[in-house]
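The structure appears right after this line, and notes come after that.
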Amino acid sequence: VQLQASGGGLVQAGGSLRLACAASVSSINFWAWYRQAPGKQRELVASITSAGSTTYADSVSGRFTISRDNAKNAMYLQMRSLKPEDTAVYYCNIVRFLVASWGQGTQVTVSS
């Protein structure tokens, strides 16, 4: 299983970015975005099931939107109203047949 995350970059506070995660496999049961800031533990940002049920961390609820395209084996994270505290490496994660896989991460930096 290979996951390719993309879309990170440098943006000013209040700006937007759209992350994408492409998977090399299909039949994915669960997709998620995690992030890890320097010196902090990795945290769950948002998740979406194959049925479309979503969850969000309180810190991003109302600003971030997770979606997936089952036909393309891809997941997205639309991030709006970005804050400096959103700065982190963002990782995509999937669960397929009870096995979890991780992507390599994409850096998001929000300047104040």
Side-chain angles (χ1 to χ4, degrees):
V1 176
Q2 292 186 342
L3 300 175
Q4 181 68 45
S6 61
L10 174 63
V11 64
Q12 289 188 333
S16 299
L17 282 174
R18 185 176 188 246
L19 305 184
C21 176
S24 62
V25 294
S26 60
S27 303
I28 295 167
N29 308 111
F30 177 87
W31 299 82
W33 287 100
Y34 285 75
R35 68 186 181 187
Q36 188 167 19
K40 294 187 177 182
Q41 290 187 332
R42 190 172 296 189
E43 63 174 352
L44 176 64
V45 175
S47 67
I48 185 167
T49 68
S50 57
S53 297
T54 59
T55 61
Y56 296 93
D58 289 343
S59 58
V60 308
S61 183
R63 298 188 298 122
F64 291 9
T65 302
I66 190 171
S67 61
R68 87 278 183 256
D69 186 330
N70 290 331
K72 295 183 177 180
N73 300 323
M75 169 179 65
Y76 308 95
L77 186 68
Q78 179 67 52
M79 305 185 293
R80 299 181 176 89
S81 301
L82 283 161
K83 304 175 180 180
E85 51 263 44
D86 294 319
T87 295
V89 177
Y90 284 70
Y91 297 90
C92 57
N93 164 265
I94 66 167
V95 176
R96 179 176 180 266
F97 302 128
L98 302 181
V99 177
S101 300
W102 292 89
Q104 86 287 3
T106 184
Q107 176 71 46
V108 171
T109 302
V110 184
S111 63
S112 57

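Computed from heavy atoms alone, side chains included, the values below leave out hydrogens, waters and symmetry copies.
- Taking CZ of R63 as the reference point, atom CG of L82 lies at 6.5 Å (rounded to 0.5 Å).
- In terms of heavy atoms, S27 sits closest to F97 at CB-CZ, 4.0 Å.
- Using a 3.5 Å distance cut-off with no hydrogens or angles, the side chains of T109 and Q107 do pair a donor with an acceptor.
- Connection of V110 to Y34 is not established within any shared hydrophobic cluster, with ILVMFWY side chains joined at heavy-atom distances below 4.5 Å, either directly or through further cluster members.
- Across all their heavy atoms, G103 and Y91 have their closest contact at O-CD2, 3.6 Å.
- Looking at M79 and D86, their side chains never come closer than 4.5 Å, going by heavy atoms from C-beta outward.
- Using a 4.5 Å cut-off between side-chain heavy atoms of Ile, Leu, Val, Met, Phe, Trp and Tyr, with links allowed through other members, V108 and W33 fall into the same hydrophobic cluster.
- Listed here is the closest heavy atom pair of Q36 and K40: NE2-O, 3.1 Å.
- The shortest non-hydrogen separation linking A13 to P84 is CB-CD, 4.1 Å.
- Note on I94: it clusters hydrophobically with V45, by side-chain heavy-atom contacts below 4.5 Å among ILVMFWY residues.
- Using cut-offs of 30° and 60° on the angle between ring planes, the pair F64 and Y90 is tilted.
- A donor-acceptor distance shorter than 3.5 angstrom exists from the side chain of R68 to the backbone of T49, with no hydrogens or angles considered.
- In this structure, E85 and S59 have side chains that are not in contact, with every pair of non-hydrogen atoms separated by 4.5 Å or more.
- Taking each heavy atom of Y76 and A20 in turn, the nearest pair found is CD2-CB, 3.8 Å.
- Under a hydrophobic clustering in which Ile, Leu, Val, Met, Phe, Trp and Tyr are joined whenever their side-chain heavy atoms come within less than 4.5 Å, directly or via other members, V95 and V1 fall into different clusters.
- Residues A23 and L3 come closest through the heavy atom pair CB-CD2, 3.5 Å.
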